[in-house]
Every structure is written in structure tokens, then in C-alpha cells.
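These notes are about the structure you will find just below.
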Amino acid sequence: MTGPSSPPILLPVVTIAAVLLQIIIAPHIAIGGVVPNIVLVAVVLVAMRSEVISATIVGFVLGLVFDLATSGPVGGMSLVMALLSYGVSSFRKDIFQDNWVMQVIVLLLAAFAGELLHNVLYSIIGYDTDFLSSLLRRALPGALYDSLVGLILFPILQHFANASRKRQNAGLLKGKFD
Amino acid sequence: MALNQKKSVRIPAGLVLVVLCLISIALMTIWVREGVTGPLHTVRSGFGLVTAPLEQLGAFVSTPLRSASTSIDNMTASPETLDELMQQNEELEAAAIRLEEYRQENERLSQLLELREVYGLESVGARIISRSTDSWNQMITINKGSALGLAIGMPVMSPNGLIGQIESVSLYSSTVRLITDERSGVACFLQASRAEGIVTGSVEGLLYLRFIGLDVEVKPGDAIITSGAGGVYPKGIPLGEVASVEFLSSDVSQTIIVKPQTRVAIFEEVLVLTGSESEIQPNPDAIRDDENRLTQKEA
């Protein structure tokens, strides 16, 4: 991987950690019924640092796990996250390198797009939802909360990525990310 | 051409995306069309078996998170004073907290037992181990499952009133959809006028009593209780009281905002009604039928 690409060890760590955090921590840090979507943050984070195909597959798999761990329709979040991963990973990677503002903006936009798409899916499959109300009370605050979580997670992940990359360069770790 | 020369085939990323989207759409279609015993629902129940211990861990972990702000406050006090006082009081405080915890738990469990006796209900007590893991569903997870006879559709109560219905069960845990969720619906009536309607949840977490005709006199504070229609919930369980009434001259029925009897956030234990004198029979579609019947009646 080029630019801010993730070292091989980080991908499984990030994905497993995101799922565990979503199940263990997220329900207890909800604000006004808005639960942060840590898995979505992880998907965007991985997509910023991965090739398109691997990012799309990771998005799909993590979305499926999210679907199974939560109460929504199975297949809904996997569709949303596959699309998001594809979209984000299609950007040129160098625009994210060491550019926190760009990373957070993309996360905010991706999170909002994800929540919006999820809302649309709920409407399509016939779940009785008040679209506008869901948008204002869930999608928008959810996207903001996800971005906040991203702001906390980005530096931590960057730190580990840098450390891991240094070890790789020193020949301690081998292998490719994708 | 050299024999060992390999021709690499690069799969287009767009094709991968299309395939994954189609799989997702197929899964969603199966999920919506299959019944609660369908393969995907069964897989999710199996997944619940794995996640339940993690959710229980979350409940344990969240206690220090909640007290984090208190700890930060303590850090700003004078070190000498804090050391002395904390040393003296540490054991006493811990003991007091433990005793208070036991007292509160005893009180809550006594209330649940009373409730069971009052309604003549067969029930199973359970502890809430987790709340919603996403923003789109208002759910709780409890630590009892099919191993103790719990099944999909069974009503769940707090000491004060109805809180929801079991939506999925695994062997040792169950997921409960709360009445405040926008996809919940409970057949109810106003205690004073006996007028029947449906209480539904909403995105904002409020409860609405719908299908009450304009001719019915409704006052704030009127009690709302389950009607038993549809056979999902037993009759007579308190659900809340009228907070306010709204209607336009063009409306055919009143929109009543309901103040719930129970705030789920403050409860840790619940009762799952496994049976009663009125023979609770889980029937998730019954409420929808009732709703249709009332709509026709209104029309």
C-alpha cells in the first residue's frame, strides 16, 4: 500500500477491535439514544488506507457482522458499508496522508451518507419510519458522533500504524497488506 | 512463451462491489420474507449466543465509565486532605455502597414479585445486560433465553409496567424491542373512557396513543392500560398516562402523547411473562390486525 496504507497486522486488529467496541462499549456511551457506529468508523478508516477491492470486501464483512450483532435487517449495513468502502477507497490515498482535517471531513461525509442510506433502506423494505425525523434525530447526530469517535481513534491508529511500519522497515515484520 | 509465465487476471473492483451488493440485497430480501424461525434469524440467534457474554462484560465495564467524572472531580481536591479522608472513609464507603446496592436490588426484586402476584402471571425474572448497539432500534438484551422457556413474542415488564416484547432469543439471552421503538405497537385503552387505541413508539422516543375518536373526552393524567386485544399482551398492565392531546379539525382521530409508566434506563431487572390466566400466546401479527380493524372502524 502506498501513502498512509495500513501495515498487515493492523487490519485484523482494527476490525476485531471495532466489533468488540461496538458490542461492549457503544451501548453504554449512547447520547440521547444515538449510539456511535464504531464499526463504520473502522470501515472508513481502513478504506482510507487500503486498495479498493480489499476495502470493499472488509466493508461488506464488517457490515454483515454489524447486522448480526444488532437488530436491523441482515444485509442492510453490509450493503451500506460495502458502498462506503468502495467510495472512500477510490479516493487518491495521498490526499489523506497526515491530513487530519481531510480525514475527518471524509469520515463525517461518509458517516452521514451511510446513515442516510441506511434510513432509505429501512423505508424501502417497509419499516415504518418517519424519514425526516430519522434524518434529523439519528442520521445527522449519528454522523457527528461517529466523527467524534473517529477523531479519538485516528491518532491512536496512526501511532500504531507508524510503529508497525517502522518495525516492518527494520525487517522485523514481513508480508503485504493486500 | 515461457511455461512458467503466468497471466495475472485482475478482477475489476466495480464487479466485486456489484457482487457484494447483490449478496446484501439477497440477504435482506430473505430476512424480510422469512419467518422468525428462518435460517438468517437462526444464524442471528446463534450469533447472540456469542455476543451475550461480551454484552455482559460491557455492563460490567460501563460502571467505571459512569463514575469517571466523579473521579476527575476528586483529583482536583487538596492531596493532603484527600489522602487522609479517603483512607478513613474508603472501607466505610465501599461497605455502604454494597449495602445500598443490596437494599436497592432487594427492593426491585420484591416489586417484581409483588407484580407477579398481583397479575397472577407466570414469569421469569431477568437482568438487563445491554442496551441498543445501534441508533436505529430501541432494544435491550436480557440474560435469560430459550433455556428457561423464553420465546419470541413474550411480553416484558418492569415493576411499574410494560416495557416491550421479546424479538429474538438465543439459548442464554434474549433481545427485547421496547415499546418506545417506532416499530412497536400495543393495543391499549384509556382507563376512564374504555376507548381503545394503539400505543406506538417513535423516533424521538415518545409514545403516541392513536385511533382514539374525536368524540372521546381525554384529559392529561388519564391512565392507559393494555387491552389484551390481539393476545400479545395480557389485559390490564399499566403502560402510561396521557401527557397531552393534539388534533386538527381535519383529523378523524386524536393524537395523544403518552408519558410512559416506566423509564427503562433506570431499571436493571425485568420480568418476562411466560404465561398468565389469560393464556399469553405470542402473536406478533395480531397488533397489525388490530390496527387495521381500528383503521377500518375509523373510516
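Convention: sequence-line order gives letters A, B, ...; per-chain numbering from 1.
- B:Arg44 places a side-chain N or O within 3.5 Å of a backbone atom of A:Asp67 that can act as its donor or acceptor partner.
- From A:Thr56, atom OG1 reaches atom CG of B:Leu15 across 11.5 Å, with rounding to the nearest 0.5 Å.
- Residues A:Val52 and B:Ala13 share a closest heavy-atom pair of CG1-CB, 3.5 Å.
- In this structure the side chain of A:Tyr122 never reaches within 4.5 angstrom of the side chain of B:Glu182, judged on heavy atoms.
- When all heavy atoms of B:Trp31 and A:Gly72 are compared, the closest pair comes out as CZ2-O, 4.1 Å.
- Interatomic distance, A:Ile24 CD1 to B:Thr133 OG1, rounded to the nearest 0.5 Å: 12.0 Å.
- For the pair B:Glu55 and A:Ile23, the tightest heavy-atom approach, listed with the atom from each and the gap, is CG-CG2, 3.7 Å.
- Between B:Leu27 and A:Leu64 the shortest side-chain heavy-atom distance falls below 4.5 Å.
- Both the backbone and the side chain of B:Thr51 come within contact range of chain A, each with at least one heavy atom under 4.5 Å from a heavy atom of that chain.
- If you tally non-hydrogen atom pairs under 4.5 Å between each of A:Ala69, A:Gly63, A:Gly33 and chain B, the highest count goes to A:Ala69.
- Counting heavy atoms from C-beta on, the side chains of A:Phe60 and B:Ile23 come closer than 4.5 Å.
- The distance from the CG atom of A:Leu121 to the CE atom of B:Met28 is 4.5 Å, given to the nearest 0.5 Å.
- The shortest distance between side-chain heavy atoms of B:Trp136 and A:Ser71 does not fall below 4.5 Å.
- Only the side chain of B:Ile25 comes within contact range of chain A, judged by heavy atoms closer than 4.5 Å.
- A heavy-atom distance below 4.5 Å is not found between the side chains of B:Asp134 and A:Asn37.
- With a 4.5 Å cut-off on non-hydrogen atoms, A:Phe66 touches chain B through its side chain but not through its backbone.
- For B:Tyr172, the OH atom counts as loosely surrounded, since its 6.0 Å shell holds 12 or fewer non-hydrogen atoms of other residues, nucleotides or ligands.
- For A:Val65, the parts lying near chain B are the backbone and the side chain together; criterion is any non-hydrogen pair under 4.5 Å.
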Go through it in stages, so that I can follow the logic: the residues are A:Thr70 and B:Asn137, the test is side chain to side chain contact (heavy atoms under 4.5 Å, CB included), and I'd like the CA-CA distance, side-chain angles, deciding distance and then a yes or no. CA-CA 8 Å; A:Thr70 57; B:Asn137 299 280; 5.6 Å; no
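- Distance check: A:Leu83 CG to B:Ser24 OG gives 8.0 Å after rounding to the nearest 0.5 Å.
- In terms of non-hydrogen atom pairs under 4.5 Å with chain A, the most contact-rich of B:Val19, B:Val16, B:Leu17 is B:Leu17.
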